[in-house]
Asks: 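Questions regarding the structure given below will be posed in turn.
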Amino acid sequence: MKQKILLTYVESGFGHISSMDSIYDALVERYGSEYEIEKSFILTDDGFKNLVGMNKFFIKQVQNTNKIPYFGRFIFPIISLLGGQKVMRFFHRQLSHRSFKQGLKALEMRKPNVIVTNHYFTDLLAVEYKHRIDPNVVVINYNPDPTLHTFWDKRDGIFIVNNPLALAKAQKYKFKPENLRLVTPCVRSCVERDALGREQLREKFELPKDKFTVVIADGGYMLGRGPKFVRALIKSGLPITLCVIAGNNKKRYEQFRKIAEGESKLKVAPGMTFKAYEFLPNAHELYGAADVFLTKGGPNAVLDSIYMHTPVMINYCPHVIEAATVKVFINEHGCGETVYRRKKAIKRIRAFMADKSALDGYEKNIEELIAGGNGVSAVADIIRAESEKQRLLYETEGIYFSNTTAPCADEIDRAEHVQAQSQTDDVPDELVSPQAPTVETVDA
């Protein structure tokens with residue numbers, strides 16, 4: 001019997017799915033022969049009524065943050081003011097206790113040795129599972145966001161963050177220093193290894209090769225400012241290729257399809273090529289076909305665009321997480337710019353068409369950023385090292401697993417617990433993964 005590593009998926013925006021996919025791919029590729037690796041949409045796979053309802057609740061809240069002005073800007077601070085993780089534990093354990101118990105049952109049915117999470121609710125379930133059912137289970141959480149909110153359970157488990165800003169927040173919220181790990185942002189292997197150039201990708205999507213190309217997406221639900229920017233660009237009559245991804249919003253797709261096929265009152269200028277798409281599993285390749293990717297501040301879509309070497313224009317940040325996307329990828333690393341007004345977007349695109357030097361600068365910054373490496377290998381190494389610690393602990397109790405190979409000492413050391421200095425803002429070198437750039441100081 002091999003140790004079982006369970007990866008728990010949640011649809012709460014598609015970034016949680018894509019970031020977990022990146023971890024799953026790396027684990028299977030690097031250590032698939034050593035462990036039983038299982039992935040599960042833990043809230044929906046078993047059909048537990050209340051747990052499925054909780055998943056729908058999460059999806060609805062993500063949609064609300066995008067379509068209701070200031071909802072996201074309000075909800076995160078108010079929950080933090082009410083107690084953050086403590087109020088979330090109370091909500092799930094007491095007010096929504098049926099879905100909470102069903103979540104524990106779903107984990108117990110799978111009998112994991114290691115639970116990997118990337119959402120505050122599955123992290124809570126994993127920690128409670130450890131406290132109530134299996135004290136030997138290892139809990140590992142990867143935070144896919146560029147910052148940290150107060151919902152996360154900090155009582156137990158390894159907590160992996162992907163940039164110094166999130167690490168500073170974790171230190172501020174008093175996560176146990178020995179549980180913190182810092183890696184570079186994680187992206188799926190299919191994105192990292194996509195070797196097709198811009199011209200090849202335009203050919204693949206049957207787009208004009210010589211036209212300035214703009215791709216617009218607005219998360220999986222297309223409920224932000226994307227539609228208004230699409231219409232503004234169409235009305236501008238710019239001689240560009242304009243592609244819009246409506247995601248799972250079928251109503252929006254139908255509206256855009258009618259425009260593309262000439263069935264709408266809104267007409268496309270003769271010099272413009274307009275194409276509409278539903279949800280695309282390979283959306284990153286359409287980003288790569290573009291000169292500019294215009295989107296809201298969803299960190300995973302932005303990261304996909306960056307790995308496809310396409311500068312971003314961010315037009316909307318509905319809450320603190322996406323505002324941090326601007327802080328990290330725009331202000332700090334210079335991978336694009338913000339255009340919160342439609343007129344500004346049109347003005348900037350027109351300027352790029354006349355002179356691409358600014359875009360060239362953004363692409364140079366992108367190259368410097370991704371040279372730091374995909375953090376997903378470091379995450380896989382951390383999971384393996386913690387699994388091996390558990391295996392050795394079991395062996396002292398006479399319980400043996402049939403993992404085919406054991407790691408060498410330096411591989412375990414790569415993810416070893418560290419005693420971080422809680423009295424200073426300095427980030428210890430030992431906390432930084434081998435793939436991540438060394439960080440000397442972090443402002444909390």
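What you see is a predicted model, and the numbers here were worked out from it, not measured in a lab.
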Asks: Can you tell which of Lys211, Arg202, Arg348 makes a salt bridge (Lys or Arg N to Asp or Glu O under 4.0 Å) with Asp291?
Replies: Arg202
Asks: Name the atoms and distances for all side-chain donor-acceptor pairs under 3.5 Å in residues 301-308, with sequence neighbours left out.
Replies:
| residue | atom | partner | partner atom | Å |
| --- | --- | --- | --- | --- |
| Asp304 | OD2 | Arg188 | NH2 | 2.8 |
| Ser305 | OG | Thr310 | O | 2.9 |
| Tyr307 | OH | Asn374 | N | 3.4 |

Asks: Could you give the side-chain donor-acceptor pairs of residues 154-165 under 3.5 Å, partners two or more places apart or in another chain?
Replies:
| residue | atom | partner | partner atom | Å |
| --- | --- | --- | --- | --- |
| Lys154 | NZ | Tyr173 | O | 2.5 |
| Arg155 | NE | Asp153 | OD1 | 2.9 |
| Arg155 | NE | Asp153 | OD2 | 3.0 |
| Arg155 | NH1 | Glu128 | OE2 | 3.4 |
| Arg155 | NH2 | Glu128 | OE2 | 2.9 |
| Arg155 | NH2 | Asp153 | OD2 | 2.6 |
| Asp156 | OD2 | His131 | NE2 | 3.4 |
| Asn162 | ND2 | Tyr142 | OH | 2.9 |
| Asn163 | OD1 | Leu165 | N | 2.9 |
| Asn163 | OD1 | Ala166 | N | 3.2 |
| Asn163 | ND2 | Pro146 | O | 2.9 |

Asks: Suppose we screen for side-chain contact (heavy atoms from CB on, under 4.5 Å). Which residues come up paired with Lys86, at least two apart in sequence or across chains?
Replies: Arg89
Asks: Could you walk me through whether Glu278 and Arg257 satisfy the salt bridge (Lys or Arg N to Asp or Glu O under 4.0 Å) test, starting with their C-alpha distance in whole Å, then the side-chain angles of each, then the deciding distance to 0.1 Å, before giving a yes or no?
Replies: CA-CA 10 Å; Glu278 294 184 271; Arg257 182 196 62 78; over 6 Å; no
Asks: Using a cut-off of 6.0 Å, state whether more than 12 heavy atoms not belonging to Lys267 lie near its atom NZ.
Replies: yes
Asks: Show your reasoning for whether ring-ring contact (aromatic ring centres under 6.0 Å, His included) applies to Phe151 and Phe121.
Replies: CA-CA 8 Å; Phe151 298 11; Phe121 179 59; over 10 Å; no
Asks: Over 60° means perpendicular and under 30° means parallel, so tell me whether Phe58 and Tyr120 are parallel, tilted or perpendicular.
Replies: perpendicular
Asks: Backbone N or O of His16 within a donor-acceptor pair of the Asn118 side chain at under 3.5 Å?
Replies: yes
Asks: Say whether, by atom type as modelled, one donor and one acceptor occur between the side chain of Lys235 and the main chain of Leu266 under 3.5 angstrom.
Replies: no
Asks: Would you call the rings of Trp152 and His119 parallel, tilted or perpendicular, where under 30° means parallel and over 60° means perpendicular?
Replies: perpendicular
Asks: Do we see a donor-acceptor contact under 3.5 Å between the side chains of Asp381 and Tyr31?
Replies: yes
Asks: Side chains of Asn55 and Thr44 only: does a donor on one sit below 3.5 Å from an acceptor on the other?
Replies: no
